[in-house]
Protein chains: 2
Amino acid sequence: MSQGHTDVPVEARNPEVCTVYDVLNRVSGKWSIGILVEATHGPVRFTELERNVRGISRRMLTLTLRNLERDGLLVRTVYPTVPPRVEYVATDMARELYRSLVELTGWAERHRAAIAAAREAYDRANDRGEPERA
Amino acid sequence: MSQGHTDVPVEARNPEVCTVYDVLNRVSGKWSIGILVEATHGPVRFTELERNVRGISRRMLTLTLRNLERDGLLVRTVYPTVPPRVEYVATDMARELYRSLVELTGWAERHRAAIAAAREAYDRANDRGEPERA
DNA sequence: CGGTATCCTTAACGATACTG
DNA sequence: CAGTATCGTTAAGGATACCG
């Protein structure tokens, strides 16, 4: 096999892997990005998020908000009124991340057609009844 | 600035959300990036990947490879020798993606300390017995 | 209004025996 | 060597009742 190659694991050889994996973990999850985008546009309330991030459940909204806050991507502000008012807003760090995500968007848009074509080709080539897929 | 906001859902207002979510889905998953990195460095064999991407199981290696291939990020080449030789290599599209991921790495590295601090602060502030977490 | 607590379903992942 | 098949486990997410 490839004789000359070192035995050191990929994570050691490519520290970027861990790092990028790390940030991906932070932002992966079905809802993080939607919330991040909303909170990047300006302070937003819990109920607003519940409405604007379509399809999210209360539970996941809370969980995702807590995680983003914990990572320093969101700031949560409570106004002690009745009824309570809570606002979430993206931090500078998160806005910077947002810009990198826009980069990714660019990639996705540039290659959207190619990816679709690749999938079709793959599915056609391997066609065993594989029914429709979203 | 809450009241004046439109009623159109976040996906409609921010098409980037869907797109970036899409690409994230493609690259999320515990192993995609590790494999992608390896295959970006040059053609790599199944067994090499199994060794170099530490901790991956055979099953996940196969599944992830198939998905990446299906999306047109990897090309699989079979050399009909005995024993068989199969090589995977990243496509140009994948290499471009890789560069965007490196961008993300930059973000992660720049803010690594801030994130760690945010977490500590958060955990300290909310400390109810929450035991150690990786 | 802004959450928690609880229960349930699904999808991702891990281990490993077997095979052309 | 490069997989597939089958099993079991864990984690992510969904629904929703309840609460300060």
Side-chain angles (χ1 to χ4, degrees), chain A residues 1-3 5 21 24-35 38-39 43-70 74-89 122 125-126 128 130 133-134, chain B residues 2-3 21 24-35 38-39 43-71 74-89 122 125-126 128-130 133-134:
Chain A
M1 58 220 46
S2 343
Q3 28 323 61
H5 94 301
Y21 180 71
L24 245 20
N25 269 349
R26 201 154 288 118
V27 168
S28 83
K30 206 168 173 182
W31 306 108
S32 305
I33 294 178
I35 293 175
E38 287 290 307
V44 65
R45 298 181 64 175
F46 188 89
T47 320
E48 278 183 284
L49 286 168
E50 204 172 4
R51 267 195 311 273
N52 293 349
V53 182
R54 288 299 165 99
I56 195 169
S57 68
R58 266 207 176 144
R59 187 179 114 86
M60 286 318 292
L61 179 52
T62 304
L63 282 178
T64 311
L65 284 171
R66 294 291 171 269
N67 283 328
L68 293 173
E69 191 197 352
R70 186 170 113 103
L74 247 46
V75 173
R76 175 174 181 268
T77 313
V78 183
Y79 301 94
T81 61
V82 262
R85 174 189 193 83
V86 180
E87 283 184 350
Y88 296 88
V89 66
Y122 183 93
N126 299 279
R128 61 198 92 280
E130 307 222 74
R133 214 219 90 145
Chain B
S2 345
Q3 359 300 109
Y21 180 71
L24 245 19
N25 269 350
R26 203 154 286 118
V27 168
S28 82
K30 205 169 173 181
W31 306 108
S32 304
I33 294 179
I35 293 175
E38 287 288 306
V44 65
R45 300 181 63 174
F46 187 89
T47 319
E48 278 183 283
L49 286 168
E50 204 172 5
R51 267 196 310 274
N52 293 348
V53 183
R54 288 299 164 97
I56 195 169
S57 68
R58 266 202 178 149
R59 187 180 115 86
M60 286 317 293
L61 179 53
T62 304
L63 282 178
T64 310
L65 284 171
R66 293 293 171 268
N67 282 328
L68 293 174
E69 191 197 352
R70 185 170 114 103
D71 286 341
L74 245 48
V75 173
R76 174 174 180 270
T77 313
V78 184
Y79 301 94
T81 61
V82 262
R85 173 187 192 84
V86 179
E87 282 185 351
Y88 296 89
V89 66
Y122 183 93
N126 297 281
R128 65 197 91 280
E130 307 220 75
R133 213 217 93 144

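The chains referred to below are lettered A, B, ... by the order of the sequence lines, with proteins before strands, and numbering in each begins at 1.
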Listed partners of R76(B) passing side-chain hydrogen bond (donor to acceptor under 3.5 Å, both in side chains), at least two apart: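 For R76(B), the residues satisfying side-chain hydrogen bond (donor to acceptor under 3.5 Å, both in side chains) (neighbours in sequence not counted) are Y88(B).
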Terminal axes of the helix from dC1(C)-dG20(D) to dG20(C)-dC1(D) (five pairs each): angle between them, nearest 10 degrees: 40°
What is the distance from [atom1] of [X] to [atom2] of [N], rounded to the nearest Å?
X: F46(B); N: dT19(C); atom1: CZ; atom2: P; result: 17 Å
X: N126(B); N: dG3(C); atom1: CG; atom2: P; result: 12 Å
X: N67(A); N: dA11(D); atom1: CG; atom2: C1'; result: 13 Å
X: L65(B); N: dG3(D); atom1: CG; atom2: P; result: 7 Å
X: R45(B); N: dG3(D); atom1: CZ; atom2: C1'; result: 13 Å

With rounding to the nearest 0.5 angstrom, report the [atom1] to [atom2] distance, [X] to [Y].
X: R59(B); Y: T64(B); atom1: CZ; atom2: OG1; value: 9.5 Å
X: I56(A); Y: R51(A); atom1: CD1; atom2: CZ; value: 13.5 Å
X: E48(A); Y: E38(A); atom1: CD; atom2: CD; value: 8.0 Å
X: M60(A); Y: I35(A); atom1: CE; atom2: CD1; value: 8.5 Å

Which residues share a side-chain contact (heavy atoms from CB on, under 4.5 Å) with R85(B), sequence neighbours left out: R45(B), Y79(B), T81(B), E87(B)
Touch class at under 4.0 angstrom, heavy-atom based, for T47(A) against every strand present: sugar-phosphate
With 3.5 Å as the limit, what N/O pairs link the protein to nucleotides 12-16 of chain C?
| residue | atom | partner | partner atom | Å |
| --- | --- | --- | --- | --- |
| dC13(C) | OP1 | K30(B) | N | 2.8 |
| dC13(C) | N4 | R59(B) | NH2 | 3.0 |
| dG14(C) | OP1 | K30(B) | NZ | 2.8 |
| dG14(C) | OP2 | W31(B) | NE1 | 3.0 |
| dG14(C) | N7 | R59(B) | NE | 3.3 |
| dG14(C) | O6 | R59(B) | NE | 3.0 |

Any Y88(B) side-chain nitrogen or oxygen under 4.0 Å from OP1 or OP2 of dG3(D):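 Checking dG3(D) against Y88(B), a side-chain N or O does come within under 4.0 Å of OP1 or OP2.
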dA2(D) OP1/OP2 closer than 4.0 Å to side-chain N/O of R76(B): no
Show me the donor-acceptor pairs within less than 3.5 Å that the side chains of residues 26-34 of chain B make with the rest of the protein, sequence neighbours left out.
| residue | atom | partner | partner atom | Å |
| --- | --- | --- | --- | --- |
| R26(B) | NE | D71(B) | OD2 | 3.2 |
| R26(B) | NH2 | D22(B) | OD2 | 3.2 |
| S28(B) | OG | L24(B) | O | 3.4 |
| S32(B) | OG | S28(B) | O | 3.1 |

Residues which pass salt bridge (Lys or Arg N to Asp or Glu O under 4.0 Å) with R66(A), listed by chain and number, not counting sequence neighbours: none
Test log, rule side chain to side chain contact (heavy atoms under 4.5 Å, CB included), inputs T77(B) and V89(B): CA-CA 8 Å; T77(B) 313; V89(B) 66; 5.5 Å; no
Contact residues, residues 77-87 of chain B to DNA chain C [heavy atom, < 4.0 Å]: P84(B)
